[in-house]
A.B. asks: 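The structure under discussion is supplied below as C-alpha cells; questions concerning it will follow.
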Amino acid sequence: MKKRSLLLSFVCLLTAMQVVIAQDDVVTSTASTDDPGYPLYQTGFYAGLRGGYLFKNKALWENPLYHLGNGMFAEVNGGWRKNAFGWELAVGMLNIKREHPDIRRFSASAQGVLNGMGNAAQFQNARDSGQAKSDYFTFPESTQQVKVSKDFNSYYALTGPRLWFGRQRLQGSVYAQGGISMTRFGYYYLNGNGASPDHYSYSYNNALVSSAPVNEAAIASPTVGTATTNVEGSYEKYGMTGVFFDAYKASGAASPADVKEKNKMQFFGRGGASLEFFFSPKASLSAGIDYWYLPSPEMKGQASSNGTVSGNINLFKPDATSERDLRYSDKYTFTQSYTEKKNLGFLSASLGVKIWLGKKRPVPVNDPPVIPQAQPPADKNLAVKVIDKPTGKPLDGVNIKIEKEGDESIVETMTREDGSIPVQRALAAGNYKITGIKNGIKTTEAMVAVADFSAPPATIYRELIHNDIRFTLAGKTINKADMGPLPFIQTSLTNITRGNAEQKTSDSIGRFYYQLDQQTDYNVIAQNKGYFSNREKVTTKGLNRSEVIYVNLALEVMELKKDASIVLKDIYYDYNKWDIRPDAAAVLDNLVKTLEENPTVKIELSSHTDSRGGDAFNMTLSRKRAESAVRYLVSRGIASDRLKAKGYGESRLLNDCGNDVPCSEEQHQLNRRTEIKVLE
C-alpha cells in the first residue's frame, strides 16, 4: 500500500508541476529567438541508459511457490518526441533475487505428521483438540543432501508511448510499455534425510490401546494417556515452474542443478512516471518510479516428508494405581502442496541519463494577459468544509466560528457527516475569520477578504484542516434485552498501559465518544447503578491513522432485574481444571464491583461445556467451575447467600453441536461459557 501511495503522490506532483511550468512559460513581450528553452526541439530523438532497484513484493516473497525478493535492472533506451507526445523503445536485463530463509530449511507441521501416520487414530484426541497446530518438526542443516536455488533472470524488449509535461529545465512524463522477454524463472530445491531434534507430548487415544509389548501385561482400561513423538525420515521441498519440474523428474538427475533450465519467451509489461532535469540543452538526468508486470507460468511447489514417528506412551488410571511406559513406532507421510499462484508485480525506483538530438524549437511569443475588470462588492454565500489531515476524509462534529471584523456578532455552527456546514447565505462584504475546534484540537484558520466579494462566483468556498493524530472511539450503549439504544449510561474508559481512566455518559440515543492514543489497549465498561456490562477490549494496535478515524463499539448493558442474564466474556479455564486464572479474576472483579453497588441483587452463576467428553464428566466439571467462581466472589466480600453456583455441563447447548456432531472449534467455543442470571 505504501508503494502504491508513493506512485500516486509522484503522479500528483507531476500534475502540479505542469501547472507551475505552464505559468512560467507565459511571455509578456516578444522574446529573442536566441533563447533556446528546454528541450531545444519541436521534433527530436534521444538515446539513454537507465538502471534501478526493484522493491520486494511481500506477496511473492512469502509465497512458497516463488520466494522472490529484491531485484535490479539495467537497460539502454531510445525514443522520439514531438512536443508532449513521444514513443520509446527499451532493451535491458532484469534480475530478481531468490533469498527467503525458508528455502534453506525444512519444517514439517506436527499436525500434518500426526494426520499422515499409518494409525492416525491413535492421536485422534490431540488432532481434534488442535494441540499440534503450532508445533513443527524442523530438520537440521546437517541432514540436508541437496540445497540449491537460482534467481529470476530476464532479457526484455519493451516499447510504448510516453507523454511529456512542461518545457523548462525540470519536466515530467508518464508512460506505458509492453513487449516480450526471454525469461529463466529460476527455482529452489531442498532435500535430505535424518532426524528432527524436536519432540512433543500429545494426548493419546487410550481406547485404541488393546495390547501391551511382549512379556508385559496390559493396563486394564486406561483412562489417561500421553505420547512423546520423535520424527526421523527423508524430506523434500521445492518451488519451480511446471515445465522445469517435469524436465527435472524426467531426467532422473539427483539435483535440479544437473538440469539446464531453458529460457521462455513471454509477454512483459511496465508503466511509470519520471522527472527529467535538463542540465544542458543536449543532456538530461531522470529519476523515476515504475511498476513491472509479468504473467506467471504454471508453477509446482510442495513440501513433503516420510519416515517414522516413535516415542513413549505413558498410560495410567485415575487412581494412579497403575502406570507404565510403552514404546511405539509408526510410519508417516507428510505432504503440503503450494497452490496460490500469483502473477509477478514489482515497484522500482530508477535513475537514467539521455542524450538529445534534433531541430531547434522556436520560443513561443504570447500576447499580453487580459486583466479582468474589478466588480463592485456584493453579498455572497459562504461554504466551509473541514478535512481530517491524516486520512483526507471529511470530518463531522467540528465546531465552527465565523467572525466578521468590526462586528461583535459571531456565527457558530457544526459540520455535518460530509464535513460541511450549512451554507451561510447573503453575507455582507467584509473581512471574515473562520476557525474550528474538535476534541480540544483547533483547525487551521481561513480568511475571507473584502476583495473576495468582488469576484464572479456567487459562493465563496473555504477549507479547514484538522490534524488530530488520535483515533475516535464511537461507542453506543445497547440494551441487551432488545438490542435497542440505552440512553444516559455512565461509561468508563481505562488506558491499560498507563492505568488512568476517564468517564463519560451516553447521550439521548446512547452515543458516547472518547479519544484514543495510537498503539494502545483500552477497557470499556458501563458503571450505572442497577446495570451490568462486560468489560470490552478496544485497541488501536495495528490500525493506521492515515486510513482510519473511528473505532466503533457496541457496549451491551444488562438491567439488573429478575431473570435477566448475560454471558461473562473472557472467563477461561485450563484444560480439565476449574482453578480461577488471573485473566478470569479480572472479569470477576468487575462483577464484584457491580454486586457491591447493588447489595440487594442475588444471582445464579452457571458454567457450561461443549458436547465433547462424557456427559457425567462435563456436568461435574461445569459444577466445579461454577463453585470455584462463587468461592472467588465470596473471598472478595460478597455474601454467600446472594450467590448460587450451578453446573449445566452440555445440557444447554446454544447450537446443534451435540454428541458425535462434527463442528468447528468456533462452534464448540460458543457452548463453553459462564453466565450470570438475576434471581431477585
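A quick note: this is a predicted structure, and the numbers were derived from the prediction, not measured.
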A.B. asks: Using a 3.5 Å distance criterion without hydrogens, assess whether the side chain of R535 forms a donor-acceptor pair with backbone atoms of N590.
C.D. replies: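 Here the side-chain-to-backbone pair does not exist.
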A.B. asks: If only side-chain N and O atoms count, and only distance matters, is there a donor-acceptor pair under 3.5 Å linking Y648 with T609?
C.D. replies: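 Absent: no donor and acceptor within the cut-off.
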A.B. asks: Using ring centroids (six-membered ring only for Trp), state whether Y187 and Y238 fall under 6.0 Å.
C.D. replies: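 Judged by ring-centre distance (under 6.0 Å), Y238 and Y187 do not meet the cut-off.
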A.B. asks: Looking only at heavy atoms, what is the nearest atom pair of F123 and S203, with distance?
C.D. replies: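 For F123 versus S203, the nearest heavy atoms are CD2-O, 3.8 Å.
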A.B. asks: Is the backbone of S310 close enough, under 3.5 Å, to the side chain of R327 for a donor and an acceptor to pair up by distance?
C.D. replies: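 Answer holds: no.
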A.B. asks: Could you give the distance from OG1 (T226) to CD1 (I313), rounded to the nearest 0.5 Å?
C.D. replies: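 Result: 9.5 Å between the selected atoms.
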A.B. asks: Do the side chain of Y332 and the main chain of G112 share a donor and acceptor less than 3.5 angstrom apart?
C.D. replies: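 No, Y332 side chain to G112 backbone: no donor-acceptor pair under 3.5 Å.
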A.B. asks: Using modelled atom types only, decide if a donor and an acceptor are shared between the side chain of K393 and the backbone of E547 within a distance under 3.5 Å.
C.D. replies: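 Here the side-chain-to-backbone pair exists.
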A.B. asks: Checking side-chain contact (heavy atoms from CB on, under 4.5 Å) for the pair I525/Q527: CA distance, chi angles, key distance, verdict?
C.D. replies: CA-CA 6 Å; I525 59 171; Q527 289 189 322; 3.9 Å; yes
A.B. asks: Grab the two heavy atoms, one from L60 and one from G345, that are nearest each other, plus how far apart they are.
C.D. replies: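 That would be CD1-N, 3.9 Å.
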A.B. asks: Measure from the ring center of Y200 to the ring center of F137 and say whether it is less than 6.0 Å.
C.D. replies: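 They qualify: ring centres under 6.0 Å apart.
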A.B. asks: Taking T143 for its side chain and G192 for its backbone only, find out whether a donor-acceptor pair lies under 3.5 Å.
C.D. replies: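 No.
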A.B. asks: Per the salt bridge (Lys or Arg N to Asp or Glu O under 4.0 Å) rule, what does the pair list look like for residues 481-495, sequence neighbours excluded?
C.D. replies: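 Applying salt bridge (Lys or Arg N to Asp or Glu O under 4.0 Å) to every pair that reaches into residues 481-495, excluding sequence neighbours, yields nothing.
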A.B. asks: Do Y189 and N191 meet the criterion of a side-chain donor-acceptor pair at a distance under 3.5 Å?
C.D. replies: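 Yes, side-chain donor-acceptor contact under 3.5 Å.
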A.B. asks: Mind running side chain to side chain donor-acceptor pair (under 3.5 Å) on T335 and Q302 for me, showing each step along the way?
C.D. replies: CA-CA 7 Å; T335 302; Q302 180 175 280; 5.1 Å; no
A.B. asks: If only side-chain N and O atoms count, and only distance matters, is there a donor-acceptor pair under 3.5 Å linking S506 with T477?
C.D. replies: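 Checked: T477/S506 side chains pair up, N/O donor to acceptor below 3.5 Å.
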A.B. asks: How about CG on L543, more than 12 heavy atoms from neighbouring residues, nucleotides or ligands closer than 6.0 Å, or not?
C.D. replies: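 Atom CG in L543 is packed in, count exceeds 12.
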A.B. asks: With a 4.0 Å cut-off, would you call E665 and R672 a salt bridge?
C.D. replies: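 Yes, charged N to carboxylate O under 4.0 Å.
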A.B. asks: Could K58 and E62 be called an ion pair, given the rule that one side-chain N must be under 4.0 Å from one carboxylate O?
C.D. replies: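 Result for this pair is no, no salt bridge flagged.
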A.B. asks: Salt-bridged, E650 to R612, with N to O below 4.0 Å?
C.D. replies: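 No, E650 and R612 are not salt-bridged.
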A.B. asks: Can you tell me if Q122 and D330 form a side-chain donor-acceptor pair at under 3.5 Å?
C.D. replies: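 A pair is found: one side chain offers a donor N or O, the other an acceptor, under 3.5 Å apart.
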A.B. asks: Quick one: pull up CG in N500 and CG in N495 and give me the separation to the nearest 0.5 Å.
C.D. replies: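 N500 atom CG to N495 atom CG measures 5.0 Å (nearest 0.5 Å).
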A.B. asks: Do you know which two heavy atoms are closest between I638 and V592, and how far apart they sit?
C.D. replies: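 For I638 versus V592, the nearest heavy atoms are CD1-O, 4.0 Å.
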A.B. asks: Do S607 and S622 pair up side chain to side chain, a donor and an acceptor below 3.5 Å, judged on atom types alone?
C.D. replies: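 Distance-only check fails for S607 and S622.
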A.B. asks: Quick one: does Y632's side chain have a donor or acceptor within less than 3.5 Å of a partner on D579's backbone?
C.D. replies: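 It does not hold such a pair.
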A.B. asks: Does K541 pair with D521 as a salt bridge, N-O distance under 4.0 Å?
C.D. replies: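 Salt bridge flag = yes for D521 with K541.
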A.B. asks: Please check this pair: side chain of R127 against backbone of A120, looking for a donor-acceptor N/O pair closer than 3.5 Å.
C.D. replies: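 Yes; judged by distance alone, with no hydrogens or angles, the pair exists.
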A.B. asks: Is a side-chain donor or acceptor of D468 paired with a backbone partner of N439 at a separation under 3.5 angstrom?
C.D. replies: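 Side chain of D468 to backbone of N439: no pair is present.
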A.B. asks: Does a salt bridge link K300 with E298, judged by any charged N lying under 4.0 Å from a carboxylate O?
C.D. replies: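 So K300 does not pair with E298 through a salt bridge.
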A.B. asks: What class does the angle between the rings of H67 and Y188 fall in, given that below 30° is parallel, 30 to 60° is tilted and above 60° is perpendicular?
C.D. replies: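 The rings of H67 and Y188 sit tilted, inter-plane angle from 30° to 60°.
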A.B. asks: Taking NZ, NE, NH1 and NH2 as the nitrogens, is one of them in D507 or K476 under 4.0 Å from a carboxylate oxygen of the other?
C.D. replies: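 Salt bridge absent between D507 and K476.
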A.B. asks: To the nearest 0.5 Å, what is the distance between NZ on K341 and OH on Y66?
C.D. replies: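 K341 atom NZ to Y66 atom OH measures 6.5 Å (nearest 0.5 Å).
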A.B. asks: Classify the side-chain pair Y202/D135 by whether it contains a donor and acceptor separated by less than 3.5 Å.
C.D. replies: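 Indeed, the side chains of Y202 and D135 share at least one donor-acceptor pair under 3.5 Å.
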A.B. asks: Between R673 and E675 (salt bridge meaning N to carboxylate O under 4.0 Å), is one present in this structure?
C.D. replies: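 Here R673 pairs with E675 in a salt bridge, since their nearest N and O are under 4.0 Å apart.
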A.B. asks: Using modelled atom types only, decide if a donor and an acceptor are shared between the side chain of N528 and the backbone of Y531 within a distance under 3.5 Å.
C.D. replies: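 Not a single qualifying donor-acceptor pair exists.
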A.B. asks: Between S492 and E502, do the side chains contain a donor N or O and an acceptor N or O under 3.5 Å apart?
C.D. replies: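 No, no side-chain donor-acceptor contact under 3.5 Å.
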A.B. asks: Indicate yes or no: does E536 engage K569 in a salt bridge with an N to O separation below 4.0 Å.
C.D. replies: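 Yes.
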A.B. asks: Just checking N343: does its CG atom have more than 12 heavy atoms from other residues, nucleotides or ligands closer to it than 6.0 angstrom?
C.D. replies: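 Correct, the count exceeds 12.
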A.B. asks: Side chains of T497 and Y522 only: does a donor on one sit below 3.5 Å from an acceptor on the other?
C.D. replies: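 Not at all, the side chains of T497 and Y522 share no donor-acceptor pair under 3.5 Å.
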A.B. asks: Could you check whether E236 pairs with K249 (Lys NZ or Arg NE/NH1/NH2 to Asp/Glu carboxylate O, under 4.0 Å)?
C.D. replies: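 Salt bridge: yes.
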A.B. asks: Output yes when R636 and D589 qualify as a salt bridge under the 4.0 Å nitrogen-oxygen rule, no when they do not.
C.D. replies: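 Result for this pair is yes, salt bridge flagged.
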A.B. asks: Between S129 and Q131, does any side-chain donor sit less than 3.5 Å from a side-chain acceptor?
C.D. replies: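 Looking only at side-chain atoms, Q131 and S129 do form a donor-acceptor pair, the distance falling under 3.5 Å.
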A.B. asks: How about D641: does its CG atom have over 12 heavy atoms from other parts shown lying under 6.0 Å from it?
C.D. replies: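 For D641, atom CG is crowded (more than 12 foreign heavy atoms under 6.0 Å).
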A.B. asks: If only atom types and distance count, is the side chain of Q144 paired as donor or acceptor with the main-chain N or O of R104 below 3.5 Å?
C.D. replies: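 Yes.
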A.B. asks: Show your working on side chain to side chain donor-acceptor pair (under 3.5 Å) between T228 and S201 and close with a plain yes or no.
C.D. replies: CA-CA 4 Å; T228 301; S201 293; 3.2 Å; yes
